[in-house]
Amino acid sequence: MATVSETYIENRERIQPNDTNNYGSAHGGNVMRWMDEVGALSAMRHAGETCVTAYVNNLDFKRPIPQGETCVVRGYVYATGRTSLRVRLQAFREIPQTGEREQTTDSYFVFVATDEDGSPTPVPELAVESDRCKQLREAALAGESGQRG
């Protein structure tokens, strides 16, 4: 049984010219792909199995990520079902020289754990033990229900 904190993954992508739209900022499809990848890794860390995307809820693009900056994506499992895992995913624009961040995107993905045959397979319960685990889980549940924060 993994804890919420143990599923926390953060990744960075530098926004290159081939990652941008006509306005010189990260193409939304690329940001979504990066979020999906981090979410799958987080889900797999908990499930111990391959996980596939089943549902995307509230993918909100709040501001652009300009070319030359970094897209930081972080995600963690905050709830599980019998074969499913709910993962909160957030993206941030980060200035490489200073590390200054601003949130750009927020979403909640559902993944399903699959066995070697591609059939859904049960996942372990999620432990919420430390204060950090509780804070992450509470923030995800509040955001998922529309109480953005």
Side-chain angles (χ1 to χ4, degrees), residues 1-16 18-21 25-65 69-96 99-149:
M1 175 177 355
T3 66
V4 173
S5 292
E6 290 170 339
T7 69
Y8 185 94
I9 292 178
E10 188 171 285
N11 197 17
R12 286 174 170 72
E13 295 284 342
R14 180 100 189 268
I15 307 304
Q16 301 293 334
N18 61 341
D19 297 321
T20 63
N21 57 28
S25 59
H27 190 284
N30 287 336
V31 174
M32 185 174 180
R33 183 185 77 220
W34 298 327
M35 293 174 81
D36 188 47
E37 290 169 354
V38 168
L41 291 171
S42 179
M44 286 188 280
R45 181 171 288 173
H46 177 72
E49 301 283 351
T50 298
C51 292
V52 296
T53 310
Y55 180 74
V56 177
N57 184 20
N58 294 331
L59 184 60
D60 296 327
F61 292 98
K62 299 173 183 177
R63 55 192 50 86
I65 307 171
E69 290 191 7
T70 304
C71 177
V72 178
V73 178
R74 69 180 184 193
Y76 56 89
V77 176
Y78 64 94
T80 58
R82 192 178 74 73
T83 62
S84 64
L85 307 99
R86 292 178 9 222
V87 180
R88 182 173 196 193
L89 289 149
Q90 297 172 293
F92 300 82
R93 62 184 281 190
E94 183 179 80
I95 300 170
E100 183 180 336
R101 282 187 188 181
E102 181 179 31
Q103 187 174 350
T104 63
T105 315
D106 199 10
S107 191
Y108 303 84
F109 284 43
V110 176
F111 293 86
V112 173
T114 59
D115 62 18
E116 298 83 26
D117 297 324
S119 298
T121 189
V123 299
E125 288 184 33
L126 183 66
V128 185
E129 297 172 347
S130 69
D131 286 342
R132 180 170 188 251
C133 289
K134 290 174 187 166
Q135 290 169 348
L136 289 171
R137 180 175 161 77
E138 288 171 11
L141 291 171
E144 182 185 55
S145 68
Q147 304 167 17
R148 302 281 181 212

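Index from 1, following the sequence.
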Practice task
Under the side chain to side chain contact (heavy atoms under 4.5 Å, CB included) rule, collect the residues that match up with Ala140, sequence neighbours excluded.
Solution key: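 Result, side chain to side chain contact (heavy atoms under 4.5 Å, CB included) vs Ala140: Tyr76, Tyr78, Arg88, Tyr108.
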
Measure the spacing between [atom1] of [X] and [atom2] of [Y] and express it to the nearest 0.5 Å.
{"X": "Asn57", "Y": "Asp106", "atom1": "CG", "atom2": "CG", "answer": "10.0 Å"}
{"X": "Arg93", "Y": "Arg63", "atom1": "CZ", "atom2": "CZ", "answer": "8.0 Å"}
{"X": "His27", "Y": "Ile65", "atom1": "NE2", "atom2": "CD1", "answer": "13.0 Å"}
{"X": "Leu136", "Y": "Ser130", "atom1": "CG", "atom2": "OG", "answer": "8.0 Å"}
{"X": "Gln90", "Y": "Met35", "atom1": "CD", "atom2": "CE", "answer": "8.0 Å"}
{"X": "Glu100", "Y": "Glu69", "atom1": "CD", "atom2": "CD", "answer": "9.0 Å"}

Could you tell me which non-hydrogen atom of [X] sits nearest to which non-hydrogen atom of [Y], and how far apart they are?
{"X": "Met44", "Y": "Glu49", "answer": "CG-O, 3.0 Å"}
{"X": "Arg86", "Y": "Glu144", "answer": "NH2-OE1, 2.8 Å"}
{"X": "Thr7", "Y": "Arg45", "answer": "CA-CD, 4.1 Å"}
{"X": "Leu59", "Y": "Met32", "answer": "CD2-SD, 3.5 Å"}
{"X": "Cys133", "Y": "Thr3", "answer": "SG-CB, 3.8 Å"}
{"X": "Ala2", "Y": "His46", "answer": "CB-ND1, 3.2 Å"}

Problem - Heavy-atom side-chain proximity of Thr70 to Arg14 below 4.5 angstrom - result: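 The answer is yes, as the side chains (C-beta and beyond) meet within the 4.5 Å cut-off.
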
Problem - Close side-chain approach of Leu141 to Ser145, heavy-atom, < 4.5 Å - result: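 Sidechains of Ser145 and Leu141: no contact.
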
Practice task
Kindly indicate, with the supporting measurements, whether the criterion side-chain contact (heavy atoms from CB on, under 4.5 Å) is fulfilled by Cys51 and Leu85.
Solution key: CA-CA 9 Å; Cys51 292; Leu85 307 99; 3.9 Å; yes

Quick check against the 3.5 Å criterion: does [X] have a side-chain atom that pairs as donor or acceptor with the backbone of [Y]?
{"X": "Thr50", "Y": "Thr114", "value": "no"}
{"X": "Thr105", "Y": "Phe92", "value": "no"}
{"X": "Asp115", "Y": "Asp117", "value": "yes"}

Handout entry: Qualifying residue for side-chain contact (heavy atoms from CB on, under 4.5 Å) with Val87, from Val77, Thr53, Val38, Asp36
Key =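 Looking at Val77, Thr53, Val38, Asp36, the match for Val87 under the side-chain contact (heavy atoms from CB on, under 4.5 Å) is Val77.
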
Handout entry: Leu126 and Val4: CA distance, side-chain angles, deciding distance, side-chain contact (heavy atoms from CB on, under 4.5 Å) verdict
Key = CA-CA 7 Å; Leu126 183 66; Val4 173; 3.7 Å; yes

Problem - Arg101 with Glu10: basic N within carboxylate O range, under 4.0 Å - result: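 Looking at Arg101 and Glu10, the cut-off is met.
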
Handout entry: side-chain contact (heavy atoms from CB on, under 4.5 Å) evaluation trace for Asp19 with Trp34
Key = CA-CA 11 Å; Asp19 297 321; Trp34 298 327; 4.0 Å; yes

Problem - Contacts of type salt bridge (Lys or Arg N to Asp or Glu O under 4.0 Å), residue Glu37, not counting sequence neighbours - result: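 Only Arg33 meet the salt bridge (Lys or Arg N to Asp or Glu O under 4.0 Å) criterion with Glu37.
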
Practice task
Go through Ile15 and Ser25 one step at a time and tell me if the side-chain contact (heavy atoms from CB on, under 4.5 Å) criterion holds.
Solution key: CA-CA 8 Å; Ile15 307 304; Ser25 59; over 6 Å; no

